[in-house]
A.B. asks: 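The structure is given below, and queries will be raised subsequently.
Chain letters run A, B, ... following the sequence lines, proteins first and then strands; every chain starts at 1.
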There are 2 protein chains.
Amino acid sequence: MNKIKESPAPSPASKESLRLWLRILKVQRMVEAELRERLRVEFDTTLPRFDVMSALYRYRDGMKMSELSRALKVSNGNVTGIVDRLAEDGLALRVPVPGDRRAAMVRLTKRGIETFEAQAAAHEVWVHEALGGLEGEESAMVARMLDHALTEGDDDAE
Amino acid sequence: MNKIKESPAPSPASKESLRLWLRILKVQRMVEAELRERLRVEFDTTLPRFDVMSALYRYRDGMKMSELSRALKVSNGNVTGIVDRLAEDGLALRVPVPGDRRAAMVRLTKRGIETFEAQAAAHEVWVHEALGGLEGEESAMVARMLDHALTEGDDDAE
DNA sequence: GAGAAATATTTCAAGCTTGAAGGTTTAAGC
DNA sequence: GCTTAAACCTTCAAGCTTGAAATATTTCTC
């Protein structure tokens, strides 16, 4: 394994963005790998399932499939499968929407809520363990700057 | 869709880490979706293929499969499939390692190198377009702080 | 109100991803 | 040297993910 010198440098500014991007990717992958592993070992679940449940937990009275996929920024067909499996396990269920026979609301079951609450508490601790190297002030600043880095398309603010 | 108020707050510090994590995730997903789409439309390829080729481009004289999976932080079996497909397309190839009949070196073909160079140039521009909202100094600072946020396990520095 | 366009969801094929299990080859310990 | 452990890679099943195509329903337009 012999590292080769970089090729010609196209633009200083874009090189800097690229460096930042690679750093973001590195942090994201490390943290995500940790979370995935822990969710698997301690709760026998997966990150996508956790993400879906997290969204459903926030919107306690249910979300439409399309809202769910938009909130998670994943494809439509994707959530179908995940919700299917959550439903099989009795953690979520589809309820028909009164005025619209195309749509379906998805919501956590009672068991789904309880299950998620346990997972979420652990999840928060894990994230802090993985990412706690910054003081509160720094952490907030990085978050702010990251938001600012997105040049556009920053929809659905929290 | 009716947003429900947050549940009890476990710890201020971990809440702050969680906020940062969600922000990182948001940025990562937006940029990645953009890159994936562009790679698909303009080069008929995928992000994982690009990642593998990127690693092989840096280590021009080849990497072992295990080095590749370690560098990309993905599982062993994963790269097997991706390299298979790259090889089918004539972009990469496996060469036996003289002293070790278990291992195989993977390297880009001439065509693989040319293909990647075109993709990489476009990729860098795309990243800058997506993430160029920060001045060079800020960008570098965020990168530095992100690195610092990882409390441990920060191996293979660049 | 009939037809066209828009919306909501599912299905599907292809590819990505993981963790575990299996096969081969090499290195270590005795 | 022989056995055991380690390293390298592939295969496999299950699940995730996408984009496109198919269905069904609703809304718009004339």
Side-chain angles (χ1 to χ4, degrees), chain A residues 1 28-30 32-53 62-89 91-106, chain B residues 1 28-30 32-53 62-89 91-106:
Chain A
M1 190 148 100
Q28 183 264 338
R29 285 186 185 177
M30 290 187 69
E32 193 161 302
E34 179 74 13
L35 295 177
R36 188 199 324 280
E37 164 76 0
R38 299 248 212 168
L39 280 174
R40 184 178 63 85
V41 171
E42 301 190 19
F43 293 105
D44 189 32
T45 189
T46 66
L47 215 30
R49 288 166 66 108
F50 179 84
D51 286 345
V52 167
M53 293 183 77
M63 299 173 83
K64 292 196 293 184
M65 293 296 281
S66 48
E67 292 174 334
L68 202 40
S69 68
R70 206 177 319 124
L72 300 177
K73 297 189 206 308
V74 299
S75 71
N76 248 338
N78 191 354
V79 285
T80 295
I82 299 175
V83 169
D84 282 352
R85 280 179 286 272
L86 287 177
E88 278 174 20
D89 294 352
L91 299 172
L93 57 90
R94 288 175 170 90
V95 285
V97 175
D100 191 341
R101 274 187 302 180
R102 296 167 302 181
M105 286 299 241
V106 192
Chain B
M1 190 151 102
Q28 184 263 337
R29 284 185 184 177
M30 290 188 68
E32 194 159 302
E34 178 74 15
L35 295 177
R36 187 199 324 281
E37 165 76 358
R38 299 249 211 166
L39 280 174
R40 184 179 63 84
V41 171
E42 300 191 20
F43 293 106
D44 189 32
T45 189
T46 66
L47 216 31
R49 288 168 66 111
F50 180 83
D51 286 346
V52 167
M53 292 183 77
M63 298 173 84
K64 292 196 292 184
M65 293 295 281
S66 48
E67 291 174 334
L68 203 40
S69 67
R70 206 176 318 125
L72 300 176
K73 299 189 205 308
V74 299
S75 71
N76 247 337
N78 190 352
V79 285
T80 295
I82 299 175
V83 168
D84 282 351
R85 281 179 285 271
L86 287 177
E88 278 174 20
D89 295 352
L91 298 172
L93 58 90
R94 288 175 170 90
V95 284
V97 174
D100 191 340
R101 274 185 302 179
R102 295 168 303 181
M105 286 298 242
V106 192

A.B. asks: Using the salt bridge (Lys or Arg N to Asp or Glu O under 4.0 Å) criterion, which residues pair with B/Arg101? Sequence neighbours excluded.
C.D. replies: none
A.B. asks: Separation of A/Leu39 atom CG from D/dC16 atom C1', in whole Å?
C.D. replies: 15 Å
A.B. asks: Any side-chain heavy atom of A/Val83 within less than 4.5 Å of one from A/Leu68?
C.D. replies: yes
A.B. asks: Closer to the 5' end of DNA chain C via nearest nucleotide, is it A/Ala104 or A/Arg40?
C.D. replies: A/Ala104
A.B. asks: Are the side chains of B/Val79 and B/Val74 in touch, meaning some heavy atoms are under 4.5 Å apart?
C.D. replies: yes
A.B. asks: For nucleotides 25-28 of chain D, tabulate all protein N/O to nucleotide N/O atom pairs closer than 3.5 Å, reporting atom names and distance.
C.D. replies:
residue : atom : partner  : partner atom : Å
D/dT25  : O2   : A/Arg102 : NH1          : 3.3
D/dT26  : OP1  : A/Arg101 : N            : 3.0

A.B. asks: Go through B/Met53 and B/Leu86 one step at a time and tell me if the side-chain contact (heavy atoms from CB on, under 4.5 Å) criterion holds.
C.D. replies: CA-CA 9 Å; B/Met53 292 183 77; B/Leu86 287 177; 3.9 Å; yes
A.B. asks: Would you jot down, in residue-number order, the residues of residues 41-49 of chain B having a non-hydrogen atom under 4.0 Å from DNA chain C?
C.D. replies: B/Thr46, B/Pro48, B/Arg49
A.B. asks: Output the rounded distance in Å from CE (B/Met65) to C1' (C/dT25).
C.D. replies: 17 Å
A.B. asks: Report yes if some heavy atom in the side chain of B/Met105 is under 4.5 Å from a heavy atom in the side chain of B/Met65; otherwise report no.
C.D. replies: no
A.B. asks: I'd like to check A/Arg40 versus A/Arg36 (side-chain heavy atoms, cut-off strictly below 4.5 Å). Are they in contact?
C.D. replies: no
A.B. asks: Have a look at B/Ser66 and say if it touches a base, only the backbone sugar-phosphate, or nothing, with a 4.0 Å heavy-atom cut-off.
C.D. replies: sugar-phosphate
A.B. asks: Measure from CZ on A/Phe50 to P on D/dC16 and round the result to the nearest Å.
C.D. replies: 15 Å
A.B. asks: Closest to the B/Arg85 side chain: C/dG15, C/dT10, D/dA20?
C.D. replies: C/dG15
A.B. asks: Nearest heavy atom decides the nucleotide; on that basis, is B/Val79 or A/Gly81 closer to the 5' end of DNA chain D?
C.D. replies: B/Val79
A.B. asks: For a quick check of understanding: with a heavy-atom distance under 4.0 Å over all strands, which category does A/Glu32 fall into, base, sugar-phosphate or nothing?
C.D. replies: nothing
A.B. asks: For a 4.5 angstrom cut-off between non-hydrogen side-chain atoms, does A/Arg29 reach A/Glu32?
C.D. replies: no
A.B. asks: Between D/dT10, D/dC8, D/dT17, which nucleotide has the shortest distance from any of its atoms to the side chain of B/Asn76?
C.D. replies: D/dT10
A.B. asks: Which whole-number value in Å describes the distance from A/Leu86 CG to D/dA14 P?
C.D. replies: 18 Å
A.B. asks: Which nucleotide in the list C/dT10, D/dT17, C/dT18 gets nearest to the side chain of B/Ser75?
C.D. replies: C/dT18
A.B. asks: Apply salt bridge (Lys or Arg N to Asp or Glu O under 4.0 Å) to A/Arg49 and A/Asp84, showing your working.
C.D. replies: CA-CA 11 Å; A/Arg49 288 166 66 108; A/Asp84 282 352; over 6 Å; no
A.B. asks: Starting from P on D/dC16, measure out to CG on A/Leu72 and report it in whole angstrom.
C.D. replies: 13 Å
A.B. asks: Please determine, for the side chain of B/Asn78, which listed nucleotide (C/dT10, C/dA8, C/dC16) has the closest atom?
C.D. replies: C/dC16
